[in-house]
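Written below as structure tokens is the structure these notes are about.
Throughout, residue positions are numbered sequentially from 1 according to the sequence presented. Ligands are counted one by one from 1 in listed order, and the atoms in each one are counted from 1 as well.
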Amino acid sequence: MKHEFPQDFWWGAATSGPQSEGRFNKKHRSVFDYWYDIEPEAFFDRVGPNVASNFYNSFREDLKMMKSIGFNSFRTSIQWTRLIKDFETAEVEADAVRFYNEMIDECIANGMIPVINLHHFDLPIELYEKYGGWESKHVVELFAKYSRVCFDLFGDRVKHWTTFNEPIVIVQGEYINQFHYPNLIDGKKAVQVSYNLNLASAKSIEQFRLSENSKDGKIGIVLNLTPAYPRSNSKEDLAASDFANKFHNRMFLDPAVLGYFPEGLAEIFIKDGVMWQYTEEELELIKNNTIDFLGVNFYQPLRVKAVEHEFDESKNGWLPDKYYEYYEMPGRRVNPHKNWEIYPEAMYDIAINIRDNYKNIPWYVSENGMGVYGEEKFKDENGMILDDYRIEFVTEHLEFLHKGIQEGSNCFGYHLWTPIDCWSWMNAYRNRYGFISLDLATQIKTIKKSGYWFKAVSENNGF
Ligand code: GAL
């Protein structure tokens with residue numbers, strides 16, 4: 001075999017509670033539930049999270065199907081808005097405890113390691129309305145409380161936890177680029193929220209270490225690392241990529257792994273009058289509560305150049321765009337369905353960066369994948385989607401990952417986004433990502449060609 005992976009390598013896929021479960025029996029609303037209720041037309045084809053992929057009802061069948069295509073591990077998330085009845089006291093909902101218990105047990109019964117994430121863009125709307133959501137340190141405390149409940153309830157069986165999925169996307173979506181409710185443009189709040197999310201992750205880790213159940217468990221965070229490649233090696237382009245790297249990647253990666261923020265970043269925020277509020281005790285807490293392992297989501301690189309049009313602060317106030325502009329590299333390969341660049345080489349660069357600059361911490365690819373619009377047209381006569389493009393995409397990324405592992409990077413797994421086609425926020429069911437297709441009207445689930453291919457990869461521990 002050409003590409004053999006390390007022993008006990010994780011093969012599987014990831015989803016999240018809000019994107020797969022459906023809102024069945026859920027008593028509270030997340031910012032996305034709420035946004036859909038007040039503005040359904042903001043979502044592709046007006047499809048919201050109400051039913052999603054019905055995982056709340058069909059988890060047993062779904063998990064069996066995942067097992068049948070070779071998974072030995074699976075990530076999903078607990079919904080704060082499902083589990084908790086009272087956010088202040090962290091009192092729980094009995095039905096949610098039943099559901100998560102049964103789901104976790106079923107996962108283990110199928111021989112899959114459950115990886116449980118605590119927050120996947122699904123802030124309770126009440127906490128936004130009452131306190132300003134992640135702008136508030138009280139909400140940080142409530143999150144720590146909620147996470148402790150999760151560790152105490154499920155940590156006897158769940159040995160791999162992650163605090164947040166893609167915290168920078170919360171910052172971008174809610175405070176910069178308007179794709180998560182409340183859709184603000186406010187750079188100063190974005191900076192405070194970035195800090196608060198780091199603090200929330202560290203406080204959650206602190207709670208984990210205090211829980212009885214943490215002794216043989218591990219905790220991490222899932223970050224979407226988008227290496228910021230400069231247009232050229234000019235001083236200006238390099239400065240632009242350095243800032244972009246700090247803002248998009250290192251603002252979360254450095255505190256999570258090393259315990260402190262990247263040098264120079266706070267200085268820029270101070271100079272520009274947007275510095276976050278912090279205390280020395282909080283910085284100490286961040287320093288003392290770093291992760292055991294890292295999850296890396298990778299879809300596309302970030303290509304940047306020096307600003308060409310002077311940034312106009314009178315328009316929307318301070319924004320990180322002051323320091324770089326996006327660069328569309330001529331001749332780049334793209335996935336036409338999302339206009340995202342395909343650059344599997346980045347997988348290797350990420351592996352080496354973690355090896356050399358982040359203590360070679362154990363990590364895994366927690367999401368990678370390809371969203372495709374109109375996949376039904378690739379169906380064969382038995383209803384199976386022939387997604388050779390996905391097989392090719394995953395193969396290429398695995399090849400570069402393998403090279404990084406060969407050179408000593410400590411990667412222990414690969415998860416596709418996603419097992420079964422799921423609800424993708426504003427894009428709803430526009431682009432499909434799964435190894436298993438979903439017929440939205442009938443909820444019939446069918447393994448795609450890539451699913452059978454993946455089974456063989458998993459069984460051979462390589463290809
Ligand atoms: C990621 C996110 C997932 C999923 C995916 C595909 O950024 O973690 O929730 O939506 O993108 O678009």
Which atoms of ligand 1 sit under 4.0 Å from any heavy atom of [X]?
| X | result |
| --- | --- |
| N165 | 8 (O) |
| Y433 | 6 (C), 12 (O) |
| W425 | 9 (O), 10 (O) |

Looking only at protein heavy atoms, what sits closest to atom 7 (O) of ligand 1 is E166 OE1, 2.6 Å

Identity and separation of the nearest protein heavy atom to atom 5 (C) of ligand 1: Y299 OH, 3.4 Å

Would G371 count as a contact of ligand 1 if the rule is a heavy atom under 4.0 Å away? no

Say whether V169 and ligand 1 are in contact under the criterion: heavy-atom distance to a ligand atom below 4.0 Å. no

So, are [X] and [Y] salt-bridged, with charged N and O less than 4.0 Å apart?
| X | Y | value |
| --- | --- | --- |
| E102 | R98 | yes |
| D62 | K67 | no |
| D37 | R23 | yes |

Would you say the side-chain atoms of N360 and R355 include a donor-acceptor pair closer than 3.5 Å?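 Judged by distance alone, the side chains do not pair up.
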
Say whether H3 and E399, considering side chains only, have a donor N or O and an acceptor N or O under 3.5 Å apart. no

Indicate yes or no: does an N/O atom of W417 lie under 3.5 Å from an N/O atom of ligand 1?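 N/O-N/O distance under 3.5 Å: no.
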
Does NZ or CZ of R82 lie under 6.0 Å from the centre of the six-membered ring of F99, at an angle within 45° of the ring axis?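 Yes, R82 sits over the ring of F99.
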
